[in-house]
Amino acid sequence: MLDLRRLRREEAAVRAALARRGDPSVDGLLDRVLRLDADRRAVIQHVEAWKAKRNEVSRRVADLKRAGAEAEPLIEEMREVSAHIEEYDDRLRTLEREIEDALLLLPNTPHPDVPAGGAEANRVVRTWGEPVEAASWRKPHWELGAELGILDLERGAKLSGSGFPLFRGLGARLQRALIAFMLDWHVREHAYEEVYPPFLVKQEMMRGTGHLPKFASDAYHVPSDDLWLVPTAEVPLTNLHAGEILPGETLPRRYVAYTPCFRREAGAAGRETRGLIRVHQFDKVELVRLERPEASDAALEELTRHAEAVCRALGLAYRVVLLAAGDLGFGNAKTYDLEVWAPGCERWLEVSSCSLYGDYQARRAHLRYRPAPGAKPEHLHTLNGSALALPRTVGALLECYQARDGSVEVPPPLQPYLQSERIRGV
RNA sequence: GGAGAGGUGGCCGAGUGGCCUAAGGCGGCAUCCUGCUAAGGUGCUGGGGGCCAAAAGCCCCUCGUGGGUUCGAAUCCCACCCUCUCCGCCA
């Protein structure tokens, strides 16, 4: 959520920053917010003047009653005062709700580092590893997985519809192995605290991270209890300290969690979504950091390196892409995508998205810290990144490590978890 | 799911319509006393918002949340949330 006060004082700068996203609806929303805010402040002046009067007269009534004196004329006067308060309070409530509603629909301002333009302006900032050469004998992971008997998309679809993959045998075990490996890695190598959060969360939490209200149709909702299935562990992790004021000396906070992720992906079915590339349910290990504002730029670089480290450990060639303003997610100030090369389907697959939110989520979720003992609380900065999302990682692993005989070699770090060095057909 | 008890400031805890502008205590900060320490004295104490360029200052809101009654609500009424105890159900 944008800072209303900053918007008021630096309107031109905010407008210019948001314009880089190329979303034409933004200016109208800004106009509306500013107009409502002016109204709101005028109404506050009125209602508070009346409330001050009510407080003062109430005190006099109390004094008179205590002294056993007649207070009826004052009480009569107060009826009118109360009527004014009620009227202005109603208007204030309405205005505040309208401002909040509009503010929640405004995206974050892009970081100055972010290139102008749309997806075509995304910039590859570095690469690692030699992409495995495509060859005619290499199969895409959906064929390979089916032949090895470890991926059964048909039966997944029978149970739940398309986009609900089902893994069997070593395929199932591979999910568990990757989750355990990644969690252990980040805890041991990068000092993140492991968290196992709830998988259903309140609407308020979805709003805090920016998934609601605008993207309600992307998420699964359980109406009987008004809970939402997490689309990413970012939601519970970022909201872990919602409403709290953290002592500055306890920052940064680094959290890592595995959760399944549930996404409706409405309207996404099609060519680009075969196999494990875009599914409704998948597993992911997610990193979340709460940082002091002055440390957050560096934290994004570090967080991205932490996600990259997993690709390296698994021996997957990847590239790091800095997203342009027009391709940025709604709440993101700056994002690096990690894409691994999949030689079977001959594509770069996005396995991680590492983002800096600045104070955008912190304002929505009321995440604050105290810079020094006794100092005023301030909003902190939030970051998150996948490290990694499993399905595309699995796709790339299968495609990269497949042999001509149709078996798949297991990368060394996963062997102890998988209790196997090779996956063979049955 | 049923019955009961409860939710007050950083913490404990008093408070059944107006001297609550929330007692008292603990903790914390400042300061004084003090050879040092301990003990003690005095003062201060959270969050949000408005006026203001800002500060100072003044004002408003905040006793689980949201409504309501009333001239006036921590206090009365309604709904909801959470915690605890017992019962039921259950992996």
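Atoms considered below: every heavy atom in the structure, side chains included; atoms not considered: hydrogens, waters and symmetry mates. First the proteins, then the strands, lettered A, B, ... as listed; each starts at 1.
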* So what does A:Lys376 touch, heavy atoms closer than 4.0 Å: a base, only the sugar-phosphate, or nothing? -> sugar-phosphate
Contacts under 3.5 angstrom, residues 27-35 of chain A side chains, donor-acceptor by atom type, not counting sequence neighbours:
residue, atom, partner, partner atom, Å
A:Asp27, OD1, A:Arg15, NH1, 2.6
A:Asp31, OD1, A:Arg15, NH1, 3.4
A:Asp31, OD1, A:Arg15, NH2, 2.6

* To do: Go through A:Lys158 and A:Glu154 one step at a time and tell me if the salt bridge (charged side-chain N to carboxylate O under 4.0 Å, His left out) criterion holds.
  => CA-CA 6 Å; A:Lys158 178 172 76 177; A:Glu154 290 72 21; over 6 Å; no
* For B:U83, the Watson-Crick or wobble partner whose two distances fall under 3.5 Å -> B:A5
* Please state the C1' separation for the pair B:A14 and B:C71 - nearest whole angstrom. => 28 Å
* In sequence, state the C-alpha distance, the side-chain angles, and the governing distance for A:Ser355 and A:Lys334, and then conclude on side-chain hydrogen bond (donor to acceptor under 3.5 Å, both in side chains). => CA-CA 6 Å; A:Ser355 300; A:Lys334 181 178 176 182; over 6 Å; no
* To do: Kindly say if A:Arg5 contacts the phosphate of B:A53, meaning a side-chain N or O under 4.0 Å from OP1 or OP2.
  => no
* Between B:C80 atom P and A:Asp226 atom CG, what is the distance in whole Å? -> 15 Å
* Asked: Taking atom C1' in both B:G35 and B:G28, what distance in whole Å separates the two?
  -> 28 Å
* Asked: Whole Å only: how far is the CG atom of A:Leu4 from the C1' atom of B:G50?
  -> 13 Å
* Report which part of the nucleic acid A:Pro373 touches: base, sugar-phosphate, or nothing (heavy-atom distance under 4.0 Å, all strands). => nothing
* Structure fact -> Here the salt bridge (charged side-chain N to carboxylate O under 4.0 Å, His left out) pairs for residues 166-183 of chain A, sequence neighbours left out, are A:Asp152-A:Arg168
* To do: Could you check which nucleotide pairs with B:G18 in any of the strands shown, counting Watson-Crick or G-U wobble with both distances under 3.5 Å?
  => B:C71
* What interatomic distance, in whole Å, is found between C1' of B:G15 and the corresponding atom of B:G25? -> 15 Å
* Can you tell me how far C1' in B:G68 sits from the matching atom in B:C26, rounded to whole Å? -> 38 Å
* Structure fact -> Of the candidates B:G47, B:C51, B:G49, the side chain of A:Ile245 sits closest to B:G47
* To do: Specify the separation, in whole Å, of atom CG of A:Asp37 and atom C1' of B:G50.
  => 11 Å
* So, are A:Arg59 and A:Glu56 salt-bridged, with charged N and O less than 4.0 Å apart? -> no
* Calculate the interatomic distance between A:Tyr369 atom OH and B:G47 atom P; express it in whole Å. => 15 Å
* Residues from residues 73-97 of chain A lying under 4.0 Å of RNA chain B - heavy atoms -> A:Ile75, A:Met78, A:Arg79, A:Ser82, A:Arg93
* Asked: Where along nucleotides 56-62 of chain B does protein come under 4.0 Å, by heavy atom, of base (B) or sugar-phosphate alone (S), with - for untouched nucleotides?
  -> ---BBS-
Pairs under 3.5 angstrom only: tabulate donor-acceptor contacts from the side chains of residues 247-260 of chain A to other protein residues two or more places apart or in another chain.
residue, atom, partner, partner atom, Å
A:Thr250, OG1, A:Pro247, O, 2.7
A:Thr250, OG1, A:Arg253, NE, 3.4
A:Thr250, OG1, A:Arg253, NH2, 2.9
A:Arg253, NE, A:Thr250, O, 3.0
A:Arg253, NH1, A:His241, NE2, 3.3
A:Arg253, NH1, A:Tyr255, OH, 3.2
A:Arg254, NH1, A:Glu302, OE1, 3.3
A:Tyr255, OH, A:His241, NE2, 2.6
A:Tyr258, OH, A:Asp283, OD1, 2.6
A:Thr259, OG1, A:Ala233, N, 3.4

* Write down the distance between CZ (A:Arg60) and P (B:G72), rounded to a whole number of angstrom. => 16 Å
* Taking any strand in view, what nucleotide pairs with B:C33 in a Watson-Crick or G-U wobble way, both distances under 3.5 Å? -> none
* Asked: Quantified in whole Å, what is the P atom distance between nucleotide B:C20 and nucleotide B:A30?
  -> 31 Å
* To do: Please state how far atom CZ in A:Arg370 lies from atom C1' in B:G48, giving the value in whole angstrom units.
  => 13 Å
* Structure fact -> Sorted by chain and residue number, the ring pair (Phe, Tyr, Trp, His ring centres under 6.0 Å) partners of A:Tyr357 (sequence neighbours excluded) come out as none
